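Only a predicted model underlies this, so the values are computations on that prediction, with no experimental measurement involved. Chain identifiers are assigned alphabetically (A, B, ...) following the order of the sequence lines, protein sequences preceding nucleic acid strands; residue numbering begins at 1 within each chain.
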Amino acid sequence: ETGVTQSPTHLIKTRGQQVTLRCSSQSGHNTVSWYQQALGQGPQFIFQYYREEENGRGNFPPRFSGLQFPNYSSELNVNALELDDSALYLCASSLEASAYEQYFGPGTRLTVT
Amino acid sequence: QKEVEQDPGPLSVPEGAIVSLNCTYSNSAFQYFMWYRQYSRKGPELLMYTYSSGNKEDGRFTAQVDKSSKYISLFIRDSQPSDSATYLCAMRAAGNKLTFGGGTRVLVKP
(Lines give C-alpha, C1' and ligand atoms only; values in the text may rest on other atoms or scores of the structure.)
Protein backbone atom coordinates (compact mmCIF):
# COMPACT_ATOMS: atom_id res chain seq x y z
CA GLU A 1 0.00 0.00 0.00
CA THR A 2 1.50 3.35 -1.08
CA GLY A 3 1.35 6.15 1.45
CA VAL A 4 0.70 9.83 0.85
CA THR A 5 3.30 11.43 -1.38
CA GLN A 6 3.98 15.10 -2.06
CA SER A 7 6.05 16.95 -4.61
CA PRO A 8 8.27 18.79 -4.75
CA THR A 9 10.16 18.30 -1.48
CA HIS A 10 11.55 21.81 -1.39
CA LEU A 11 10.77 24.95 -3.34
CA ILE A 12 12.14 28.48 -3.36
CA LYS A 13 10.02 31.24 -4.88
CA THR A 14 10.11 35.01 -5.07
CA ARG A 15 7.46 37.27 -3.56
CA GLY A 16 4.62 37.83 -6.03
CA GLN A 17 5.13 34.55 -7.90
CA GLN A 18 2.70 31.66 -8.06
CA VAL A 19 3.30 28.09 -6.92
CA THR A 20 1.62 24.70 -7.36
CA LEU A 21 2.12 21.88 -4.89
CA ARG A 22 1.01 18.32 -5.54
CA CYS A 23 -0.27 15.47 -3.40
CA SER A 24 -1.08 11.84 -4.18
CA SER A 25 -3.52 10.36 -1.70
CA GLN A 26 -3.23 6.92 -0.17
CA SER A 27 -4.82 4.13 -2.19
CA GLY A 28 -8.59 3.95 -1.59
CA HIS A 29 -8.83 7.41 -0.01
CA ASN A 30 -11.20 9.94 -1.57
CA THR A 31 -10.51 12.92 0.70
CA VAL A 32 -7.51 15.22 0.81
CA SER A 33 -6.91 18.00 3.33
CA TRP A 34 -4.20 20.65 3.08
CA TYR A 35 -2.43 22.28 6.01
CA GLN A 36 0.14 25.03 6.43
CA GLN A 37 2.73 24.57 9.18
CA ALA A 38 4.91 27.57 10.00
CA LEU A 39 8.20 26.91 11.77
CA GLY A 40 7.65 25.98 15.41
CA GLN A 41 3.86 25.92 15.11
CA GLY A 42 1.15 23.36 14.63
CA PRO A 43 -0.47 22.76 11.24
CA GLN A 44 -3.30 25.09 10.22
CA PHE A 45 -6.17 23.81 8.11
CA ILE A 46 -6.33 25.40 4.65
CA PHE A 47 -9.13 23.37 2.97
CA GLN A 48 -10.39 19.90 2.24
CA TYR A 49 -11.38 18.25 -1.02
CA TYR A 50 -13.86 15.39 -1.09
CA ARG A 51 -14.70 13.67 -4.38
CA GLU A 52 -13.34 16.60 -6.40
CA GLU A 53 -15.32 19.29 -4.54
CA GLU A 54 -14.08 21.72 -1.86
CA ASN A 55 -15.54 20.52 1.43
CA GLY A 56 -14.57 23.09 4.04
CA ARG A 57 -12.06 25.90 4.24
CA GLY A 58 -9.99 27.50 7.00
CA ASN A 59 -9.07 31.16 7.43
CA PHE A 60 -6.97 31.52 4.30
CA PRO A 61 -7.44 34.15 1.57
CA PRO A 62 -8.77 33.26 -1.91
CA ARG A 63 -5.24 33.33 -3.37
CA PHE A 64 -4.98 29.84 -1.82
CA SER A 65 -6.90 27.54 -4.14
CA GLY A 66 -7.02 23.86 -4.83
CA LEU A 67 -8.10 21.11 -7.09
CA GLN A 68 -8.81 17.41 -6.79
CA PHE A 69 -8.61 15.07 -9.75
CA PRO A 70 -10.71 11.98 -10.57
CA ASN A 71 -7.94 9.76 -9.14
CA TYR A 72 -8.25 11.82 -5.91
CA SER A 73 -4.79 13.34 -6.17
CA SER A 74 -4.78 17.05 -5.39
CA GLU A 75 -3.05 20.35 -6.05
CA LEU A 76 -2.63 23.41 -3.88
CA ASN A 77 -2.09 26.67 -5.74
CA VAL A 78 -0.92 29.86 -4.10
CA ASN A 79 -0.94 33.11 -6.07
CA ALA A 80 0.83 36.40 -5.32
CA LEU A 81 3.21 34.78 -2.84
CA GLU A 82 4.05 36.69 0.33
CA LEU A 83 7.00 36.24 2.67
CA ASP A 84 4.64 34.86 5.36
CA ASP A 85 3.68 32.01 3.02
CA SER A 86 7.05 30.41 3.81
CA ALA A 87 6.10 27.19 5.59
CA LEU A 88 5.81 23.42 5.39
CA TYR A 89 2.71 22.50 3.39
CA LEU A 90 1.20 19.18 4.39
CA CYS A 91 -1.46 17.18 2.73
CA ALA A 92 -3.38 14.43 4.46
CA SER A 93 -5.68 11.83 2.97
CA SER A 94 -8.54 9.94 4.58
CA LEU A 95 -11.02 7.24 3.61
CA GLU A 96 -13.97 9.60 3.82
CA ALA A 97 -14.50 13.27 4.66
CA SER A 98 -15.88 12.34 8.07
CA ALA A 99 -13.05 9.94 8.95
CA TYR A 100 -11.07 10.99 12.00
CA GLU A 101 -7.90 9.28 10.84
CA GLN A 102 -5.87 11.39 8.43
CA TYR A 103 -2.61 10.14 6.96
CA PHE A 104 -0.07 12.86 6.35
CA GLY A 105 2.51 13.13 3.64
CA PRO A 106 6.07 14.35 4.30
CA GLY A 107 5.25 17.89 3.21
CA THR A 108 6.65 20.45 0.80
CA ARG A 109 8.86 23.11 2.30
CA LEU A 110 8.22 26.43 0.57
CA THR A 111 10.56 29.37 1.03
CA VAL A 112 9.50 32.78 -0.29
CA THR A 113 12.27 35.37 -0.65
CA GLN B 1 -6.29 33.50 22.35
CA LYS B 2 -5.74 30.27 20.43
CA GLU B 3 -8.45 27.62 20.45
CA VAL B 4 -5.91 24.96 21.49
CA GLU B 5 -2.99 25.71 23.78
CA GLN B 6 0.05 23.49 24.20
CA ASP B 7 3.31 24.15 26.04
CA PRO B 8 6.09 24.28 23.41
CA GLY B 9 8.74 22.74 25.69
CA PRO B 10 11.31 21.39 25.23
CA LEU B 11 10.48 18.68 27.73
CA SER B 12 13.62 16.74 28.60
CA VAL B 13 13.39 13.40 30.41
CA PRO B 14 15.79 10.51 31.08
CA GLU B 15 15.24 7.23 29.25
CA GLY B 16 12.67 5.07 31.01
CA ALA B 17 10.79 8.00 32.57
CA ILE B 18 7.13 8.80 32.01
CA VAL B 19 6.48 11.63 29.58
CA SER B 20 3.41 13.71 30.42
CA LEU B 21 1.93 15.99 27.77
CA ASN B 22 -1.21 18.07 27.82
CA CYS B 23 -3.38 20.52 25.93
CA THR B 24 -6.14 22.87 26.95
CA TYR B 25 -8.87 24.09 24.64
CA SER B 26 -11.63 26.65 24.61
CA ASN B 27 -14.14 25.29 22.06
CA SER B 28 -16.70 23.12 23.83
CA ALA B 29 -17.87 21.75 20.44
CA PHE B 30 -14.73 19.62 20.08
CA GLN B 31 -15.69 15.94 20.25
CA TYR B 32 -12.74 14.09 18.74
CA PHE B 33 -9.28 14.31 20.26
CA MET B 34 -6.07 13.10 18.71
CA TRP B 35 -2.36 13.00 19.39
CA TYR B 36 0.17 13.08 16.58
CA ARG B 37 3.92 12.57 16.66
CA GLN B 38 6.09 14.51 14.24
CA TYR B 39 9.76 13.83 13.68
CA SER B 40 11.94 16.58 12.26
CA ARG B 41 11.21 17.27 8.58
CA LYS B 42 8.45 14.63 8.46
CA GLY B 43 4.67 14.71 8.38
CA PRO B 44 2.64 14.08 11.56
CA GLU B 45 1.78 10.47 12.43
CA LEU B 46 -1.40 9.62 14.32
CA LEU B 47 -0.67 8.01 17.71
CA MET B 48 -3.95 8.02 19.60
CA TYR B 49 -7.56 8.92 19.02
CA THR B 50 -10.29 9.44 21.64
CA TYR B 51 -13.94 10.29 21.23
CA SER B 52 -15.49 12.41 24.00
CA SER B 53 -14.29 11.97 27.61
CA GLY B 54 -12.40 9.05 29.07
CA ASN B 55 -9.14 7.14 28.91
CA LYS B 56 -7.62 5.05 26.17
CA GLU B 57 -4.51 2.90 26.35
CA ASP B 58 -2.39 1.53 23.52
CA GLY B 59 0.86 -0.12 24.48
CA ARG B 60 3.07 2.47 26.18
CA PHE B 61 0.65 5.30 25.36
CA THR B 62 -2.33 6.48 27.42
CA ALA B 63 -4.62 9.30 26.32
CA GLN B 64 -7.02 11.04 28.68
CA VAL B 65 -9.79 13.50 27.91
CA ASP B 66 -11.57 15.63 30.52
CA LYS B 67 -14.22 17.60 28.64
CA SER B 68 -15.50 19.28 31.81
CA SER B 69 -12.08 20.89 32.28
CA LYS B 70 -11.35 21.18 28.53
CA TYR B 71 -8.07 19.37 29.13
CA ILE B 72 -6.46 16.42 27.38
CA SER B 73 -3.31 14.46 28.23
CA LEU B 74 -0.96 11.95 26.71
CA PHE B 75 1.32 9.78 28.82
CA ILE B 76 4.23 7.81 27.42
CA ARG B 77 5.57 5.09 29.72
CA ASP B 78 9.09 3.66 29.59
CA SER B 79 10.22 6.43 27.25
CA GLN B 80 12.92 5.67 24.69
CA PRO B 81 15.32 7.96 22.79
CA SER B 82 13.29 7.12 19.68
CA ASP B 83 10.32 8.90 21.33
CA SER B 84 12.19 12.20 20.90
CA ALA B 85 9.94 14.21 18.61
CA THR B 86 7.33 16.95 18.60
CA TYR B 87 3.93 15.87 19.90
CA LEU B 88 0.87 17.63 18.54
CA CYS B 89 -2.61 17.47 19.97
CA ALA B 90 -5.46 17.92 17.51
CA MET B 91 -9.20 18.28 17.92
CA ARG B 92 -12.29 18.21 15.77
CA ALA B 93 -15.88 19.23 16.19
CA ALA B 94 -18.66 17.69 14.07
CA GLY B 95 -17.13 18.94 10.83
CA ASN B 96 -13.97 17.92 9.04
CA LYS B 97 -11.46 20.55 10.19
CA LEU B 98 -8.66 19.48 12.52
CA THR B 99 -7.44 22.18 14.92
CA PHE B 100 -3.92 21.58 16.17
CA GLY B 101 -2.00 22.79 19.17
CA GLY B 102 1.42 24.31 18.61
CA GLY B 103 3.24 21.12 19.60
CA THR B 104 5.52 20.12 22.45
CA ARG B 105 9.09 19.14 21.70
CA VAL B 106 10.20 16.12 23.72
CA LEU B 107 13.79 15.00 24.26
CA VAL B 108 14.46 11.58 25.81
CA LYS B 109 18.07 11.35 26.91
CA PRO B 110 19.85 7.96 27.04
Side-chain angles (χ1 to χ4, degrees), chain A residues 3-10 21 23-26 29-51 53-60 68 87-111, chain B residues 1-11 21-27 29-52 56 58 63 65 72 74 85-106:
Chain A
V4 178
T5 59
Q6 292 186 244
S7 63
T9 306
H10 300 95
L21 310 181
C23 171
S24 291
S25 59
Q26 190 160 318
H29 289 188
N30 60 24
T31 303
V32 172
S33 302
W34 285 93
Y35 294 84
Q36 180 195 65
Q37 186 175 24
L39 198 61
Q41 297 183 25
Q44 285 200 332
F45 177 74
I46 302 175
F47 43 56
Q48 183 186 81
Y49 277 83
Y50 169 62
R51 299 194 178 201
E53 297 286 332
E54 186 177 294
N55 184 44
R57 187 179 184 94
N59 294 328
F60 281 82
Q68 188 177 33
L88 181 68
Y89 287 85
L90 296 160
C91 86
S93 75
S94 50
L95 269 174
E96 291 287 340
S98 57
Y100 71 85
E101 193 156 1
Q102 296 188 8
Y103 295 86
F104 283 82
T108 293
R109 184 160 297 281
L110 172 65
T111 301
Chain B
Q1 186 185 2
K2 294 181 180 178
E3 275 190 293
V4 181
E5 297 279 359
Q6 191 175 3
D7 189 318
L11 178 62
L21 303 164
N22 58 73
C23 289
T24 58
Y25 63 94
S26 57
N27 187 348
F30 287 140
Q31 300 177 33
Y32 303 89
F33 304 90
M34 284 140 276
W35 286 95
Y36 284 83
R37 177 176 62 195
Q38 186 174 26
Y39 291 113
S40 182
R41 302 192 178 277
K42 301 284 187 183
E45 171 194 11
L46 181 66
L47 287 175
M48 298 284 288
Y49 151 75
T50 312
Y51 172 69
S52 196
K56 187 172 184 178
D58 183 2
V65 174
I72 71 169
L74 177 71
T86 295
Y87 290 80
L88 298 155
C89 63
M91 308 180 186
R92 211 185 85 183
N96 51 22
K97 170 189 167 184
L98 275 183
T99 301
F100 283 84
T104 298
R105 188 169 157 231
V106 172

What part of [X] gets closer than 4.5 Å to chain A, counting heavy atoms only: side chain, backbone, both or neither?
X	result
B/Gln38	side chain
B/Arg41	both
B/Tyr36	side chain

Please flag which part of [X] lies under 4.5 Å from any non-hydrogen atom of chain B: side chain, backbone, both or neither.
X	value
A/Tyr103	neither
A/Arg109	side chain
A/Gln37	side chain
A/Glu101	both

Of the listed B/Leu88, B/Leu98, B/Thr86, B/Leu46, the one with the largest count of heavy-atom pairs under 4.5 Å with chain A is B/Leu98
Name the option with the most non-hydrogen atom pairs under 4.5 Å to chain A; the candidates are B/Gly43, B/Pro8, B/Pro44, B/Gly101.
B/Pro44
Less than 6.0 angstrom from the centroid, inside 45 degrees of the normal: does A/Arg57 satisfy that with respect to the ring of A/Phe47?
no
Any [X] side-chain heavy atom under 4.5 Å of [Y] side chain:
X	Y	answer
B/Cys23	B/Met91	yes
B/Phe30	B/Thr99	yes
B/Tyr49	B/Tyr32	yes

Quick one: does A/Gln6's side chain have a donor or acceptor within less than 3.5 Å of a partner on A/Cys23's backbone?
no
Less than 3.5 Å apart, any donor N or O on the side chain of A/Tyr50 or A/Glu96 sitting next to an acceptor on the other?
yes
Does one side chain, of A/Gln102 or A/Tyr35, offer a donor that lies under 3.5 Å from an acceptor on the other?
yes
Tell me which of these, A/Asn55, A/Leu88, A/Thr31, has more heavy-atom pairs under 4.5 Å with chain B than the rest.
A/Asn55
